[in-house]
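Here's the structure, in structure tokens; my notes come after.
Every chain is numbered from 1 and lettered A, B, ... according to where its sequence line falls, protein lines coming before strand lines. None of these values were measured; they are calculated from a predicted model.
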Protein chains: 2
Amino acid sequence: MVTVRDVARESGVSISTVSRALAEPERVAPETRDRVVAVANRLGYRPNRAASGLRAGRTGALGLVVPDLENPYFASVTKGVQARARQTGHAVFVVDAGEDPALETELVTGLRSQTDGLVLCSPRAAEADLEAARDAPVVLVNLRHDGVPSVSSDDAHGVVLAVEHLRALGHRRVAYVGGPDRSWSDARRRAGLDAARERYPDVETVTVGSFRPRVEGGRAAADLVVASGATAVLAYNDLVALGLVARLRERGVDVPRDLSVVGFDDTFVATLATPPLTTVRTDLARLGARAVDRLVAVLGTRRPSGSDGDPAAAPTASPDDVLPVELVVRDSTTLAPTSELSVPPR
Amino acid sequence: MVTVRDVARESGVSISTVSRALAEPERVAPETRDRVVAVANRLGYRPNRAASGLRAGRTGALGLVVPDLENPYFASVTKGVQARARQTGHAVFVVDAGEDPALETELVTGLRSQTDGLVLCSPRAAEADLEAARDAPVVLVNLRHDGVPSVSSDDAHGVVLAVEHLRALGHRRVAYVGGPDRSWSDARRRAGLDAARERYPDVETVTVGSFRPRVEGGRAAADLVVASGATAVLAYNDLVALGLVARLRERGVDVPRDLSVVGFDDTFVATLATPPLTTVRTDLARLGARAVDRLVAVLGTRRPSGSDGDPAAAPTASPDDVLPVELVVRDSTTLAPTSELSVPPR
DNA sequence: GTGAAAGCGCTAACAA
DNA sequence: TTGTTAGCGCTTTCAC
């Protein structure tokens with residue numbers, strides 16, 4: 001390994017000059033600097049992050065915890081997180097908690113000691129995680145909690161948009177297929193349902209179960225939805241919607257003719273379905289990017305190590321931490337079967 | 001931040017005793033150890049990885065570079081990598097190169113200085129990457145190169161299996177939709193095509209383009225495939241297959257009646273398609289896990305920092321570094337339209 | 001403008 | 001069994 005000492009010896013200066021030439025070029029005589037830089041390049045010198053981090057009291061690394069990387073939702077968020085982190089000069093440890101709260105907490109504990117801060121995406125063990133993270137800088141995605149900075153999308157509004165859309169198509173009985181029990185996202189969607197019902201009292205809603213946020217979950221829910229008598233169904237996410245569609249087809253229930261289906265998130269799978277899914281869209285990469293921005297902001301206010309900083313100086317939640325959503329209408333939703341609207345007026 | 005000194009002071013021992021009590025409990029008097037451990041817990045002491053890493057000459061971190069996290073293939077490999085790495089006591093920096101060779105190389109350079117070793121998955125800039133990684137321990141996934149350890153799946157054999165399957169269904173003209181130009185995986189598939197043609201001279205093959213390994217790529221290829229007169233098509237991967245199916249449907253070409261489609265990888269999207277895809281399956285998590293095993297093995301032979309170790313001692317490629325594949329037959333393949341087999345004998 | 005030297009937190013000789 | 005000490009590679013005062 002090439003160190004500052006090697007570069008120093010080779011270019012006939014002291015190690016401090018080498019360090020300066022690389023970090024603060026303007027504080028070094030041009031010719032000295034050029035010589036040092038040339039030698040450094042020739043030797044292939046790369047500063048040791050562990051060493052400089054040790055000195056500076058930070059690691060330059062962030063941690064990201066997600067429930068399941070194979071879920072396209074989290075894949076997209078992860079992509080956004082690492083892209084933005086790169087821009088801010090951080091590397092990202094990514095860990096997949098496998099939807100397991102206990103493992104998640106353990107991972108958070110482990111990451112804490114080797115990162116400057118954590119992004120916890122849709123944590124399944126929020127309380128325990130935050131306890132494990134103690135005073136480590138943390139940003140939550142898809143979860144709000146006391147004074148912990150968080151970023152989320154306006155899922156409740158998304159549900160309202162979806163119900164609005166379905167109602168306009170003549171649907172008066174809408175089913176919701178719920179996601180993970182302890183999931184904040186699920187709670188937000190249910191809150192959206194409540195809001196929609198309040199605004200549109202002529203729309204009945206029925207919710208079924210809590211299902212795994214994957215294709216299997218949708219398959220499992222399909223029969224319940226049919227039995228519910230709903231003419232339209234809003235799924236926890238796109239994967240669940242796909243499972244619904246698949247199982248419904250097997251049962252001979254046509255989507256959207258017999259039943260309209262709305263997904264959530266607009267992950268890339270939404271367009272893969274037959275028919276392509278009407279879904280509630282969020283910019284997931286942006287969600288991840290914003291989480292990093294928030295985290296870096298927190299890091300900036302904390303003096304590296306030691307002094308816990310003035311708590312009062314903690315940045316207040318920016319008004320921007322709820323990202324907008326939009327309804328993307330594709331082919332999985334259409335007029336309600338028995339609606340008088342089925343035959344266009346005139 | 002709580003350090004060894006704090007724990008030492010609080011428990012009335014020296015810092016080395018603290019270090020020992022935590023790392024080599026058997027070398028410390030039971031009562032001393034218990035006291036130290038108790039204090040450490042009470043104070044919430046967590047060893048600073050940067051410091052111990054600096055001392056030990058390693059970081060405890062691995063780096064993983066993938067072309068696109070949103071591609072379910074890489075999501076699965078990533079999941080496998082980080083899971084296995086956790087078991088070996090490593091954390092994983094994950095970076096998405098966005099299918100950009102230049103960025104990829106830059107990322108490799110950056111990761112090198114903060115990791116003990118790298119896993120390069122389907123590198124788009126192999127030569128440049130390896131140069132950038134210089135003497136850093138590297139394991140390649142889906143790419144072979146000189147003496148660099150690598151892990152891959154037996155894609156060529158997968159193609160043979162697919163062709164065999166199609167031939168048995170009466171197909172005599174099979175199209176292949178190629179992936180990224182500089183992709184080794186694509187080359188392996190083409191090699192499989194050659195092998196299949198040699199073994200089954202009665203099967204004609206026609207290859208079209210090189211397309212992006214995503215849904216759009218498949219859409220773009222669909223019309224060429226139809227024009228080629230093939231009765232079956234083998235896609236670079238499942239996403240491309242899905243794009244093909246989608247575009248074919250739009251054109252009124254029925255899959256599998258008019259055209260049989262075979263995917264590759266058996267990512268979860270294969271079962272989402274309508275019809276579910278016949279595809280060549282690999283255990284992707286295992287692929288990632290094996291890559292980590294290989295890397296850790298290399299790490300074990302290298303003495304931390306300094307001494308470059310005896311090159312002759314480098315572990316030779318284990319015979320296991322090509323993972324088996326299997327053909328998963330679903331509903332996207334059926335008898336060739338004009339085949340005499342269309343009507344079963346007798 | 002440059003160098004000497006003091007550590008960051010930890011572990012591993014080496015002493016006692 | 002426990003303590004003292006010397007660094008790992010780097011940055012950063014503080015002198016010169």
Side-chain angles (χ1 to χ4, degrees), chain A residues 1-37 39-40 43-61 89 112-116 302-307, chain B residues 1-37 39-40 43-61 89 112-116 302-307:
Chain A
M1 172 179 280
V2 184
T3 77
V4 271
R5 310 179 84 92
D6 299 318
V7 179
R9 187 173 356 93
E10 196 77 5
S11 46
V13 297
S14 73
I15 60 169
S16 18
T17 300
V18 172
S19 180
R20 260 184 238 117
L22 268 26
E24 311 167 280
E26 71 285 359
R27 289 194 44 198
V28 145
E31 47 192 33
T32 313
R33 163 162 44 81
D34 293 346
R35 184 153 37 94
V36 170
V37 170
V39 171
L43 266 42
Y45 169 74
R46 315 240 79 221
N48 179 322
R49 300 270 295 225
S52 62
L54 178 58
R55 190 73 237 281
R58 12 172 212 72
T59 64
R112 203 195 133 203
S113 64
Q114 43 191 328
T115 56
D116 296 335
R302 296 206 170 199
R303 280 304 109 238
S305 83
S307 63
Chain B
M1 172 180 278
V2 185
T3 76
V4 273
R5 310 179 84 92
D6 299 318
V7 179
R9 186 173 357 92
E10 197 77 7
S11 45
V13 297
S14 74
I15 60 169
S16 26
T17 300
V18 173
S19 179
R20 261 185 239 117
L22 269 26
E24 311 167 279
E26 71 284 359
R27 288 194 45 197
V28 149
E31 48 193 30
T32 315
R33 165 164 39 82
D34 293 346
R35 185 155 36 95
V36 170
V37 170
V39 171
L43 266 42
Y45 169 73
R46 316 239 80 222
N48 180 321
R49 301 269 296 225
S52 61
L54 178 57
R55 189 77 238 282
R58 14 170 210 72
T59 64
R112 201 194 134 204
S113 64
Q114 44 191 327
T115 56
D116 296 334
R302 297 209 170 197
R303 279 305 110 239
S305 84
S307 64

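Closest non-hydrogen pair, A/Gln114 versus A/Ala61, comes out as O-CB, 3.8 Å.
Atoms CG (B/Leu43) and C1' (C/dG9) sit 15 Å apart, rounded to a whole Å. Between A/Arg27 atom CZ and D/dT12 atom P the separation is 9 Å, expressed in whole Å. We find that CZ of B/Arg58 is positioned 20 Å from P of C/dG9, with the value rounded to whole Å. Distance, B/Gln114 CD to D/dG9 P: 17 Å, rounded to whole Å. As rounded to whole Å, 13 Å separates atom C1' of D/dT2 from atom CD of B/Glu31. Rounded to whole Å, the distance from CZ on B/Arg55 to P on C/dC10 is 13 Å. Atom CZ in B/Arg46 sits about 15 Å away from atom C1' in C/dG9, given to the nearest Å. The distance between atom CG of A/Leu54 and atom C1' of C/dC10, rounded to the nearest whole Å, is 8 Å.
Of the candidates C/dT2, D/dT2, C/dC10, the closest approach to any side-chain atom of B/Val4 belongs to C/dC10. Checking C/dC10, D/dC10, D/dT2 against every side-chain atom of B/Ser52, the shortest atom distance belongs to C/dC10. With distances taken from any side-chain atom of A/Ala29 to the nucleotides C/dG9, D/dC10, C/dT2, the minimum falls on C/dT2.
Residue A/Thr32 places at least one side-chain N or O under 4.0 Å from the OP1 or OP2 atom of C/dT2.
Without hydrogens or angle criteria, B/Arg33 side chain to B/Pro25 main chain gives a donor-acceptor distance under 3.5 Å.
The side chain to side chain donor-acceptor pair (under 3.5 Å) search around B/Arg9 returns B/Asp6, not counting sequence neighbours. Legend: residues meeting side chain to side chain contact (heavy atoms under 4.5 Å, CB included) with B/Val39, ordered by chain and number and at least two apart, are B/Val7, B/Glu10, B/Ser11, B/Arg42, B/Leu43. Residues passing the side chain to side chain donor-acceptor pair (under 3.5 Å) test with B/Thr115, sequence neighbours excluded: none.
Atom OG1 of A/Thr3 is separated from atom CG of A/Asn48 by 9.5 Å, given to the nearest 0.5 angstrom.
For B/Glu26, the CD atom is densely surrounded, since the number of other residues' heavy atoms within 6.0 Å is greater than 12.
Every pair passing side chain to side chain donor-acceptor pair (under 3.5 Å) that includes a residue from residues 13-24 of chain B is listed here, sequence neighbours excluded: B/Ser14-B/Ser16, B/Ser14-B/Thr17.
Within residues 9-24 of chain A, the residues that have a heavy atom under 4.0 Å from DNA chain C are, in order of number, A/Val13, A/Ser14, A/Ser16, A/Thr17, A/Arg20.
Taken over five-pair windows at either terminus, the axes of the helix from C/dG1-D/dC16 to C/dA16-D/dT1 are inclined to one another by 40° (rounded to 10 degrees).
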Quiz item: How far apart are the C-alpha atoms of A/Val13 and A/Arg35, what are their side-chain angles, what is the distance that settles it, and do they pass the side-chain contact (heavy atoms from CB on, under 4.5 Å) test?
Solution: CA-CA 10 Å; A/Val13 297; A/Arg35 184 153 37 94; 4.1 Å; yes
